[in-house]
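Please read these numbers as outputs of a predicted model, since none were measured by experiment.
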Amino acid sequence: MDAQKKYTDSGIEVKQLYSGADLPPVTDEKPGSYPFTRGVQPDMYRGKLWTMRQYAGFSTAEESNKRYHYLLSQGVSGLSVAFDLPTQIGYDSDHALAEGEVGKVGVAIDSIEDMQVLFKGIKLEDVSTSMTINATGFILLSLYVALAKQQGADLKKISGTIQNDILKEYAARGTYIYPPKPSMRIITDIFEWCSQEVPKWNTISISGYHIREAGSTAVQEIAFTLSNGKAYVQAAQQKGLDINVFGKRLSFFFNAHNNLFEEVAKFRAARRMWAKIMKDLGATDPKAMMLRFHTQTGGSTLTAQQPLNNISRVTIQTLAAVLGGTQSLHTNGYDEALSLPTEEAARIALRTQQIVAYESGAADTVDPLAGSYYVEALTQEVETEAWKLIEKIDAMGGSVSAIEEGFIQDEIARSAYDYQRNIESGERIIVGVNKFQVEEHNNTPILKVDDSIRLVQSEKLRTLRNNRDHAKCDQLLQLLSDKATSGENIMPVVVEAVEAKCTLGEIADTLRELFGEYR
C-alpha cells in the first residue's frame, strides 16, 4: 500500500477531504423504517438506552453467581454468561478431556443443579440473559427453561439469547462437536420449538465477533456474518418455518474496533444489507427484516503492555457501537489481555458505558453521524465491498459450502497475516506496543482460577449421579436418540432429560454416537 495514502482497517482508501459530491444518492430515510440504515427504532436511545450487559462467568456456579449479583447491583440491565471450554464442547467436568480447563474461560455447567446455583436469587422473568454457547446451545437453553419452570416463571415472558451460531465455529473459533448438517438440523429444531414455547427468546446470535477476533477486516466481518445468517434462514425455510415468525427472533453479535468511522459505517451498512437479504428471501413483515445486534468491544485490540491504555480503546469502541446504533453492549475490562477481568476492571468497563450514555450526548439524537460526507460515503463503500464477498460465497453454494471448501477460513487467515505484518513493519502503530513504549513493571492485579475447581465439580457430579432415577435417565437418553434418528424435534425430550438430572456430557454423547464428530 502507498505509504502516503490513508486506508481504513479494511483497506478502503480514505480521501483527504470529503464533500457533497461524495454523498451516495440521498433518500429521505427514516430510522425505524426499511432498510433501517439509520436504526431499528424511530426514537432509538431517547426511548430506551441499549442494554448494558457485562459478560461474566468463571470458576464455579457459586463464584459466577456472586459476580452477577455484584453487576446487577452496579446497574447492568442484562446478564451475559461465559461458559468454560468443556461445557462448550459437551464434556462433563470429570471427563478426561476436561482436565486443566474446568472453570478457566467461563463457568462450568454440568447439570440442572449447577444452573440452580448460577442463578440463585435471580428471577429469570426479571432479567434478560445472553449465553455465549454454540454446539451445546440446545442443552443450555433446556437447562435455562427447566430452571425457569422450577421458579414458576411464565415461559412466554422469558427473554434472552443463545449464541447458537455453529457456522462461525467451523470458520473461526473451533468449539464445534457435530458435522455441519446435523448441527444445522439442531438449530432449526431450536427455532421451531422456541417460536411456540419461548416466543421472546432470541434463538440465534449470528456472530461476526469471533470472525473479527480471528483476524478478519470490518468488511469481511459483516460479509461472512450476513452470509451465515442467510444460510440459517434458508435452512429454516426448508424445514417449512415462516420467515416472518422466526425472522423476528434472529439477532446478531458484532465486534467494535478502534477505527471509529469505519465501525459506525459497518453497523449502518450491515442493517441495510440484512434488510435487503431478508426481503429477497421473502420476508414481508418489517420486524423480520430488522438487524438487531449486540456488540462487544474488541478483545484482540487490548494490549498487555500499558494495560490502562485499554480504557481509552474501549471508550472509542463504545462510542462506535452507540453511534452505530447497537441494541446491547458489553465493554471489556482493561486487564483482559492479562486475565479474566477483576471486579474493579468490570466496574470501570460498565462505568464507561454509563458515561457515554449519560454524559456524552451521543444518545440524545438518532444516528448523529448521518449526513456526514465521510460516514455516508464510507457506509456505501463498506456495503459495496461486502456484497462482492457475499456474491463469491453465493456462487460457491452458500456459507456451508464456502466453509467446507476453506474459502472463509483462508480469507480470514490472509487478513490476519497482513495485519500482523503491518504491525511488525511499523506501518500500523499500536500505542505502547511498537511505538511509545516504556519500561514496565506490571502491577495490574490478576484474577486466577484454581485448578481444584475440577475436583469440586467432579464431587458434585458423583453426588448427582447417586441421587437420581437411573432407569428414567437411560429411558430419556434412548428417547433422545430415537427422536434424533426419526427427524422429530429433539427439544422437548432434552428439556425432560435435564429435569431428570441427565448431565450435559451424557446428552452431548448420545448425539455424538449418532451424528459423529466433525474433524
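- Looking only at side-chain heavy atoms (C-beta outward), Y334 and E344 come within less than 4.5 Å of each other.
- A donor and an acceptor atom, one from each side chain of S207 and R173, are nowhere located under 3.5 Å apart.
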Check against side chain to side chain donor-acceptor pair (under 3.5 Å), K48 and Q41: CA-CA 10 Å; K48 178 177 175 282; Q41 302 295 343; over 6 Å; no

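- Using a distance-only test at 3.5 Å, with no hydrogens or angles considered, no donor-acceptor pair links the side chain of E411 to the main chain of Q220.
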Let me check something: any side-chain donor-acceptor pairs from residues 361-375 under 3.5 Å, sequence neighbours excluded? List them with distances.
from	atom 1	to	atom 2	distance (Å)
D367	OD1	R268	NE	3.2
D367	OD2	R38	NE	3.0
D367	OD2	R268	NE	3.4
D367	OD2	R268	NH2	2.9
S372	OG	Y374	N	3.3
S372	OG	V375	N	3.0

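- Other residues, nucleotides and ligands contribute only 12 or fewer heavy atoms inside 6.0 Å of the CZ atom of R46.
- With sequence neighbours left out, Y417 forms a side-chain contact (heavy atoms from CB on, under 4.5 Å) with R421.
- At a threshold of 4.0 Å, the pair E383-K276 does not count as salt-bridged, since none of the basic side-chain nitrogens sits closer than that to a carboxylate oxygen.
- Checked against a 6.0 Å centroid threshold, the rings of F252 and W274 count as neighbours.
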Side chain to side chain donor-acceptor pair (under 3.5 Å) between D22 and Q380, worked out: CA-CA 10 Å; D22 297 297; Q380 185 68 49; over 6 Å; no

Test log, rule side chain to side chain donor-acceptor pair (under 3.5 Å), inputs Q296 and R53: CA-CA 9 Å; Q296 182 174 338; R53 293 188 188 281; over 6 Å; no

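- Ring-plane geometry between Y45 and W50 is classed as perpendicular, the angle between the planes exceeding 60 degrees on a 0 to 90 degree scale with a lower cut at 30.
- Listed by chain and number, the residues in a side-chain contact (heavy atoms from CB on, under 4.5 Å) with T161 are S130, N202, S205, S251 (sequence neighbours excluded).
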